[in-house]
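Report on the following structure.
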Amino acid sequence: LANKKFHAQPSIVTVGNARIGSDELVFMAGPCSIESEEQVFTVARALKASGAQILRGGAFKPRTSPYAFQGLEEQGLKLMAEAGKETGMAIVSEVTSLAAVEAAYQHVDMFQIGARNMQNFYLLKEVGKTDKPVLLKRGLAATIDEWLNAAEYIMSEGNHQVVLCERGIRTFETATRNTLDISAVPVVKSKSHLPIIVDPSHATGIKDLVPSMSRASIAAGADGLMIEVHPTPATALSDGAQSLTPQEFDRLCRELLPFANLM
Ligand code: PEP
Ligand code: MN
């Protein structure tokens, strides 16, 4: 189902008023974690003004350490849904279990499957049984074929609205948090009709690298970007080092939009 052989035309996945996989460049932006009402509303209003179409934010956080902040769960989803309603932005948030899928269903416009769950086949099938679009992140050490097979698990249950997200893979290099596999974009385009976006924030872990890797992603043919933005990155409960301020995000959008239209 994910293979281009069976579906030659590129697929377009609609989330709110964003059409992922069409000519437009889609920006998903927001904090790593939803932390408070003030945080999510402040960031959502700024992102909307900059032109982002989709608000991201984690409420169920699969942290590397069990002692790190685990997220506000359903309370966080409610806050994000309210911010989305006020600003007119669609919502994407990660789900980590069947209970999370059930809790998130009424609040989000798109489910996110995180890198650590890319081969949680049970979870893939559960989101595959729903009618909401799914953002499927590449696993930390997954090949492109394994990733496309994960998409197949979702699609085989009837839900064909899958968007892939390259977010860097584990290599021997330690200068960046992960290694952004830019070539995954054209490789996926050659094998599949599904849209693909890039997350330069998790791919690098370093906010100063986000603008250059965003440009590289667009040049390689990405359909959109997922970027972490926090009103005060220094006090963020997760991923502050890779988060842009709303002002930095605004500057990046202005720089990328004319470039995006040329691709
Ligand atoms: C995220 O986007 O919040 C996240 C946890 O990313 P990843 O699953 O790519 O590590
Ligand atoms: Mn994060």
Side-chain angles (χ1 to χ4, degrees), residues 15 26-35 39-40 43 47 52 54-66 68-73 76-77 80 90-97 100-101 104 108-120 123-124 127 133-142 144 146-147 150-151 154 162-171 176-181 184-185 196-207 209-210 213-214 217 222 224-245 249:
V15 181
V26 175
F27 287 92
M28 305 186 187
C32 180
S33 302
I34 301 299
E35 299 171 6
Q39 177 231 25
V40 68
V43 82
L47 296 173
I54 301 176
L55 178 64
R56 68 143 282 144
F60 297 94
K61 296 301 300 177
R63 305 300 300 285
T64 298
S65 162
F69 177 61
Q70 300 286 309
L72 296 182
E73 304 191 341
L77 293 172
M80 193 165 43
I91 300 294
V92 59
S93 196
E94 179 167 355
V95 287
T96 50
S97 65
V101 173
V108 307
D109 301 288
M110 181 181 219
F111 292 123
Q112 176 173 322
I113 299 292
R116 289 157 193 80
N117 275 312
M118 190 208 82
Q119 284 187 317
N120 182 339
L123 184 61
L124 297 175
V127 293
V134 179
L135 182 67
L136 177 62
K137 290 194 135 193
R138 183 177 182 180
L140 286 88
I144 291 172
E146 287 164 344
W147 188 16
I154 299 169
V162 177
V163 176
L164 301 164
C165 179
E166 161 62 38
R167 46 77 73 207
I169 49 175
R170 179 69 57 90
T171 69
T176 48
R177 181 179 180 181
N178 293 289
T179 298
L180 177 56
D181 181 8
V185 176
I196 175 169
I197 69 164
V198 174
D199 172 351
S201 305
H202 290 92
T204 63
I206 301 166
K207 75 172 198 167
L209 298 180
V210 169
M213 293 303 96
S214 297
S217 303
L225 294 164
M226 169 172 264
I227 295 176
E228 284 189 339
V229 182
H230 193 286
T232 53
T235 61
L237 295 181
S238 56
D239 288 352
Q242 66 193 37
S243 298
L244 303 184
T245 63
F249 178 74

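Atoms within a ligand are numbered from 1 in the order they appear, just like the ligands themselves. From a predicted model like this one, the values you see are computed outputs, not experimental measurements. All residue numbers in this chain count up from 1 along the given sequence.
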If every non-hydrogen atom of Leu135 is compared with every non-hydrogen atom of Cys165, which pair is closest and at what distance?
CD1-CB, 3.9 Å

Determine whether Asp239 and Arg177 make a side-chain contact, defined as any pair of heavy atoms from C-beta on separated by less than 4.5 Å.
yes

Separation between CG (Asn178) and NE2 (His202), nearest 0.5 Å, reads 9.0 Å

Pro133 versus Asp109: any side-chain heavy-atom pair under 4.5 Å?
no

Solution key, residues 111-118 side-chain donor-acceptor pairs under 3.5 Å, sequence neighbours excluded:
from	atom 1	to	atom 2	distance (Å)
Asn117	OD1	Asn120	ND2	3.1

Residues passing the side-chain hydrogen bond (donor to acceptor under 3.5 Å, both in side chains) test with Thr64, sequence neighbours excluded, are none

Sorted by chain and residue number, the residues with a non-hydrogen atom under 4.0 Å of ligand 1 are Arg56, Lys61, Glu94, Gln112, Gly114, Ala115, Arg116, Lys137, Arg167, His202

Is it true that Glu94 and Arg56 make a salt bridge, defined as a side-chain N closer than 4.0 Å to a carboxylate O?
no

Answer yes or no: is there a side-chain heavy-atom contact under 4.5 Å between Leu55 and Met80?
yes

Could you name all protein N, O or S atoms found under 2.8 Å from the Mn ion (ligand 2)?
Cys32 SG, His202 NE2, Glu228 OE2, Asp239 OD2

Between Cys32 and Lys61, is there a side-chain heavy-atom distance shorter than 4.5 Å?
yes

